Number of protein chains: 2
Amino acid sequence: MPHEPADLDTVLGKAVTILRAFTVDDQVLSLAELVRRTGLPKATVHRVAGDLVTNRLLDRTNLGYRLSGGLFELGMRASVERSLLELAMPFLQDLYERTHETVHLGVREGHDVVYVAKIGGHRQAKSPSRPGGRMPVHCTAIGKVLLAFSDPEVQQEVLSSPLERRTPHTIVAPGLLERQLAAALEHGVAFEREESAAGLQCVAAPVLAEGGDRALAAISITGPVGRFRPEAHVTLVRAAAQGLTSLASRRRSLSS
Amino acid sequence: MPHEPADLDTVLGKAVTILRAFTVDDQVLSLAELVRRTGLPKATVHRVAGDLVTNRLLDRTNLGYRLSGGLFELGMRASVERSLLELAMPFLQDLYERTHETVHLGVREGHDVVYVAKIGGHRQAKSPSRPGGRMPVHCTAIGKVLLAFSDPEVQQEVLSSPLERRTPHTIVAPGLLERQLAAALEHGVAFEREESAAGLQCVAAPVLAEGGDRALAAISITGPVGRFRPEAHVTLVRAAAQGLTSLASRRRSLSS
DNA sequence: ACCCGGCGTCCCGCTGACCGGTACGGTGAT
DNA sequence: ATCACCGTACCGGTCAGCGGGACGCCGGGT
């Protein structure tokens with residue numbers, strides 16, 4: 001259940017509906033555009049958006065509304081991603097410094113992976129991912145490894161739902177995908193070869209929870225097909241992920 | 001005007017009041033604790049918090065409520081800090097790699113600086129700053145340089161308000177502070193010597209807006225008193241900040 | 001055993017905050 | 001001029017939200 005449409009019969013529901021109408025690419029939306037996207041009556045959007053502005057969740061510009069800095073502050077206090085980020089930064093840092101390729105940290109949320117951090121230099125491979133952004137689990141290395149180290153039920157849940165094809169190389173056959181998940185579970189790494197975006201390859205390793213069979217998060221290294229061979233970095237990602245795993249086990253940051 | 005108390009006579013006001021009751025250190029709050037902090041009636045908090053949970057802005061654990069991952073996603077879409085972060089990462093990255101000291105990116109919001117990013121390694125100097133966190137402008141290098149490159153009115157506004165003393169070295173004399181701001185404006189860098197936390201020093205340089213007289217953000221390098229000399233890194237921060245300045249001028253991400 | 005303080009949950013009748021159809025003024029394209 | 005589309009403002013009906021209060025649960029002090 002990715003998007004429960006939120007309860008539109010309550011102020012709060014309308015408010016978050018409006019907030020969620022903003023995507024990563026659309027930074028600023030006009031009132032009319034908000035009306036279009038949310039399906040709410042114009043007068044309502046006008047009023048609620050106004051309230052959101054006075055409550056500092058939205059900014060008003062001459063071009064329209066946009067998500068405010070206050071919302072950024074709030075989001076950065078979100079406990080799980082916050083502690084994760086804090087613990088992980090040094091490891092991600094190391095990885096970047098040794099490879100100079102793009103490094104990701106992500107968690108699973110439903111059928112998607114949500115990127116918590118992304119580190120890249122000036123010449124980084126141009127990937128569609130963004131911190132706070134989402135990608136389908138089945139077409140990314142991080143997603144696969146997260147799925148491999150999930151409860152079998154959710155794994156089945158994902159595998160049995162229709163798999164979106166992002167590129168010609170995206171794996172949509174559940175059988176093949178299932179075999180890759182098994183391999184990922186066995187070796188503690190997953191790969192991706194141009195399955196989410198053309199010209200990109202990835203390796204990913206899991207950050208494990210206490211028991212060692214469930215993943216809290218995953219780390220990946222991404223590079224362009226030419227210079228970058230995922231196999232060459234297996235030990236590196238795995239080491240980083242394991243380091244983070246042992247560090248995380250010493251902290252409380254889980255729960256349902 | 002740091003904290004307009006939000007309108008408590010509206011659902012939305014109550015909701016954000018509850019959300020803002022969470023601080024960086026208090027990741028999970030019980031119902032009772034929320035009641036205490038917000039001053040709202042217990043029944044109200046119970047209901048609104050419940051609504052926030054169904055709207056995926058809060059998580060419910062057996063220990064209490066906490067800010068959810070959905071809020072993190074939302075916050076990462078906030079336009080200004082988002083584009084800033086995206087553009088700045090490579091520069092921050094470079095700075096870290098060359099110095100292996102803690103690197104910050106921050107913006108000003110009222111009398112505080114809000115940290116947008118923080119990069120540090122395993123052995124980083126332990127500073128009180130956190131991404132999404134706040135510090136008073138007058139006791140940090142970033143804050144000073146941001147203030148120096150602000151409208152004179154806001155500068156006066158800050159200088160004429162009581163300045164909190166964080167450490168014995170915190171500058172609370174408006175006169176001295178004013179002189180430092182003038183120097184920062186002239187040289188394009190500001191310093192801090194154990195003014196926000198014991199044992200830490202900083203250099204910061206401004207990322208300038210189109211006109212070149214107002215700062216959008218600032219970059220800083222932080223290190224421990226022993227091995228770290230701020231003066232040694234002046235050219236480095238300044239170069240990074242200028243690089244980012246020219247990059248930012250080619251993008252639309254300002255406005256009031 | 002007993003009580004007591006603090007917790008989370010639930011109930012329920014009153015009321016004013018929210019709703020959204022409707023109308024108005026401005027602006028740019030045709 | 002005309003039109004389409006925008007943002008803004010009004011306003012009366014009604015129902016969602018309100019919060020005092022009561023309840024059951026737990027743990028710790030006596």
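Given the structure is predicted, the values throughout are model-derived calculations rather than measurements. Proteins come first, then strands; the chains are lettered A, B, ... in the order of their sequence lines, and each starts at number 1.
For the pair B:His46 NE2 and D:dG17 P, the computed distance is 15 Å after rounding to whole Å. When rounded to the nearest whole Å, the span between CD1 of B:Ile18 and C1' of D:dG17 equals 13 Å. Straight-line distance from the CG atom of B:Leu40 to the P atom of D:dG17: 15 Å, rounded to whole Å. Rounded to whole Å, the distance from CG on B:Leu34 to P on D:dG19 is 16 Å. The separation between A:Leu31 atom CG and D:dA9 atom P is 12 Å, rounded to whole Å. One interatomic measurement links the two molecules: CZ of A:Arg47 to P of C:dA17, which rounds to 12 Å at whole-angstrom precision. Distance, B:Asn62 CG to C:dG8 P: 12 Å, rounded to whole Å. Atom P of nucleotide D:dC18 and atom CG of B:Leu12 are separated by 11 Å, given to the nearest angstrom.
Side-chain polar atoms of B:Asp26 and B:Thr23 form a donor-acceptor pair below 3.5 angstrom. Inspection of the B:Tyr65 and B:Arg60 side chains reveals an N or O donor paired with an N or O acceptor under 3.5 Å.
Nearest nucleotide to the side chain of B:Lys14, out of D:dT8, D:dG19, C:dC18: D:dG19. Here the side chain of A:Val11 is nearest to one of C:dG8, D:dG17, C:dC10, namely D:dG17. The A:Ala43 side chain lies nearest to C:dG21 when the options are C:dG8, C:dG21, D:dT8. The side chain of B:Lys42 sits closest to C:dG8 out of C:dG8, C:dG20, D:dT8.
Distances shown here put every side-chain N or O of A:Arg36 at or beyond 4.0 Å from the OP1 or OP2 atom of D:dC5. Within the structure, every side-chain polar atom (N or O) of B:Thr10 is placed at least 4.0 Å from both OP1 and OP2 of C:dA17.
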Given Watson-Crick and G-U pairs under 3.5 Å, DNA chain C in dot-bracket ([ ] crossing, | other strand) is |.||||||||||||||||||||||.|||||
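Listed here is the closest heavy atom pair of B:Thr170 and B:Cys139: CG2-CB, 3.9 Å. Of all the heavy atoms in A:Ala217 and A:Leu105, the pair that sits closest is CB-CD1, 4.2 Å.
Electrostatic pairing of A:Glu73 and B:Arg20 does not count as a salt bridge here, judged by no charged N lying under 4.0 Å from a carboxylate O.
Of the residues listed (A:Leu12, A:Thr38, A:Val48), the one engaging A:Thr17 in a side chain to side chain contact (heavy atoms under 4.5 Å, CB included) is A:Thr38, and it is the only one.
Checking A:Ser30 against B:Pro41, the closest nucleotide of DNA chain D that is more toward the 5' end is the one next to A:Ser30.
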_Test side chain to side chain contact (heavy atoms under 4.5 Å, CB included) applied to A:Met76 and B:Val24, step by step_ = CA-CA 8 Å; A:Met76 286 308 253; B:Val24 209; over 6 Å; no
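Counting any heavy atom pair closer than 4.0 Å across all strands shown, B:Ala32 reaches sugar-phosphate atoms only and no base atom.
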